Amino acid sequence: MPLRPARRRRHVARTALVVLATAAAAALSAAPPAAAADTWSEVGSDRADPLTESQGLASVEVPAGSPNRYTGIGTVPLGLSMRGWNHVGDPDASYNGYYVEPYQRDSGASKMFRVQAPGGAWSEYVHALSPGEALNNSWVAVSPDGQWMLTGEWGTMTRLLVLPTPGVNASTSPSANLPQASTVHLDHAVRDVQGCDFSGPTTLLCSSDDPEGSLFGMTKPLLQIDLSAQPGSSDVAGHVTALRQLPLRSGCSGSFEAEGVDYDRRTGTLRVIVVSPGFCVLTDSKTYRFTRG
């Protein structure tokens, strides 16, 4: 008889351990797996023209057979430049063929996004700056579902901005302000991001023109940003990983400039523009090509 309470206590202890182990296993199985950072290997390069291919690039899937698009100071239409929109950044295109170019001017309180529909018609959408938003408009990245567009700000930042994609999202109109819809909150600061593109539903690849190297231990890094959910009208988190330094090769010494990026899902090819320093901006600026592995 005196053994029964001990047996009962041991049984209760074993039962508690089983319950705790079961709960822990359930929690682990319910938690989303940590995203693995990709490895990107250089496979080639092409000369980047300093006037027409020095800011950004985009692959366009619709209409079929569309050539790759590039931006540079020489691609800014005269009419836009005369109205003050004198800088174009890294463009992107939705999978159904809406091509978007980001524009900025030297002063004011707005940014502009110039959109070409699959049929060829152009339209302009103006975004009034949100409180505290920087004026620069370096890049756009259209989400795989086409409905949302990410953009960023110059300098050291811990966020990306989410806007409805002009021309694709039914809430947008050239005659109305293009509003900020939500924010991507980054878990690590980034500096001078010049371009981003989606390589999957919640994964971004970005080029940073960071000249200091203090954030990730390298200058000019290629970054991967894994979002906690697909972008939309609600804020999401973004986990930042530095993958590698972008190639910095030239016949001239001095400061390179990392520019726009493009990921072509049809070929699995990532392309990044790096502008050479000094006189070599004319001779050996490159669009580098990378593949996974």
Side-chain angles (χ1 to χ4, degrees), residues 55-71 75-77 80 85 88-104 110-130 133 136-153 159-184 193 195-206 225 227-236 238 260-267 270-271:
Q55 293 297 318
L57 68 170
S59 50
V60 181
E61 297 187 18
V62 177
S66 296
N68 293 327
R69 307 289 289 269
Y70 294 86
T71 56
T75 70
V76 177
L80 291 186
W85 300 112
V88 60
D90 183 39
D92 199 12
S94 65
Y95 293 159
N96 63 345
Y98 283 81
Y99 170 73
V100 185
E101 292 181 342
Y103 282 83
Q104 70 184 64
S110 61
K111 302 173 181 178
M112 192 269 283
F113 298 90
R114 184 171 178 250
V115 181
Q116 186 176 36
W122 288 93
S123 54
E124 297 176 13
Y125 295 75
V126 175
H127 163 68
L129 300 184
S130 301
E133 181 180 348
N136 71 289
N137 196 15
S138 297
W139 58 272
V140 294
V142 178
S143 63
D145 66 6
Q147 294 299 304
W148 307 96
M149 179 178 72
L150 272 60
T151 184
E153 302 161 280
R159 68 175 186 175
L160 305 176
L161 308 179
V162 182
L163 287 67
T165 304
V168 182
N169 191 303
S171 69
T172 63
S173 169
S175 61
N177 177 54
L178 186 68
Q180 180 181 340
S182 61
T183 301
V184 176
V193 173
C196 289
D197 204 356
F198 279 90
S199 62
T202 58
T203 302
L204 286 163
L205 296 170
C206 303
I225 301 178
L227 307 182
S228 59
Q230 295 184 39
S233 57
S234 300
D235 290 4
V236 299
V261 306
D262 173 69
Y263 175 74
D264 191 335
R265 63 173 181 163
R266 297 167 296 182
T267 63
L270 171 69
R271 297 180 299 145

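Please read all numbers here as calculations on a predicted model, not as lab measurements.
For the side chain to side chain contact (heavy atoms under 4.5 Å, CB included) test with V60, the passing option among Y99, Y98, Y95 is Y99; the others fail. The one candidate from I225, T165, L160 that meets the side chain to side chain contact (heavy atoms under 4.5 Å, CB included) condition with L150 is L160.
Closest non-hydrogen pair, S59 versus A93, comes out as O-CB, 4.0 Å. Minimum interatomic distance between D264 and D262 (heavy atoms only, all atoms of both residues): N-OD2, 3.9 Å. Considering all non-hydrogen atoms of both residues, G152 and K111 come closest at O-NZ, 4.2 Å. Pairing each heavy atom of V62 with each of P118, the nearest pair is CG1-CB, 4.4 Å. Across every non-hydrogen atom of T172 and G167, the tightest pair is OG1-N, 3.1 Å. Here the shortest heavy-atom pairing between S94 and G146 reads CB-CA, 4.5 Å.
P144 is not listed as a side-chain neighbour of R265, based on a closest heavy-atom distance of 4.5 Å or more. Counting heavy atoms from C-beta on, the side chains of S138 and D90 never come closer than 4.5 Å. Contact check for V88 versus L80: no side-chain heavy atoms found under the 4.5 Å cut-off. Within the 4.5 Å cutoff, the side chain of V184 has heavy atoms near those of the L227 side chain. Residues V140 and V100 have side chains in contact (heavy-atom distance under 4.5 Å, counting atoms from C-beta outward). Using a 4.5 Å heavy-atom cutoff, the side chains of E124 and Y103 are not in contact. Taking 4.5 Å as the limit, every side-chain heavy atom of T183 sits out of range of all side-chain heavy atoms of V162. Counting heavy atoms from C-beta outward, W148 and N169 have side chains that approach closer than 4.5 Å.
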Pair T75-Y70, side-chain contact (heavy atoms from CB on, under 4.5 Å): steps then yes or no: CA-CA 8 Å; T75 70; Y70 294 86; 5.8 Å; no

Criterion side-chain contact (heavy atoms from CB on, under 4.5 Å) on N68 and R271, from CA distance to verdict: CA-CA 11 Å; N68 293 327; R271 297 180 299 145; 3.4 Å; yes

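Note: D92 CG to M149 CE = 9.5 Å, rounded to the nearest 0.5 Å. Note that CD of E133 and CD of Q180 are 6.0 Å apart. Values are rounded to the nearest 0.5 Å. Note: L163 CG to N177 CG = 8.5 Å, rounded to the nearest 0.5 Å. Taken from OG in S110 to CG in N137, the straight-line distance is 10.0 Å, to the nearest 0.5 Å. Note: F198 CZ to Q230 CD = 8.5 Å, rounded to the nearest 0.5 Å. Note that SG of C196 and CG of L205 are 8.5 Å apart. Values are rounded to the nearest 0.5 Å.
The residues E101 and R69 are annotated as not salt-bridged, no charged nitrogen and carboxylate oxygen being separated by less than 4.0 angstrom.
Remark: the backbone N or O of G232 is paired with a side-chain donor or acceptor of S182 at under 3.5 angstrom. The closest donor-acceptor contact from the side chain of T71 to the backbone of G56 lies under 3.5 Å.
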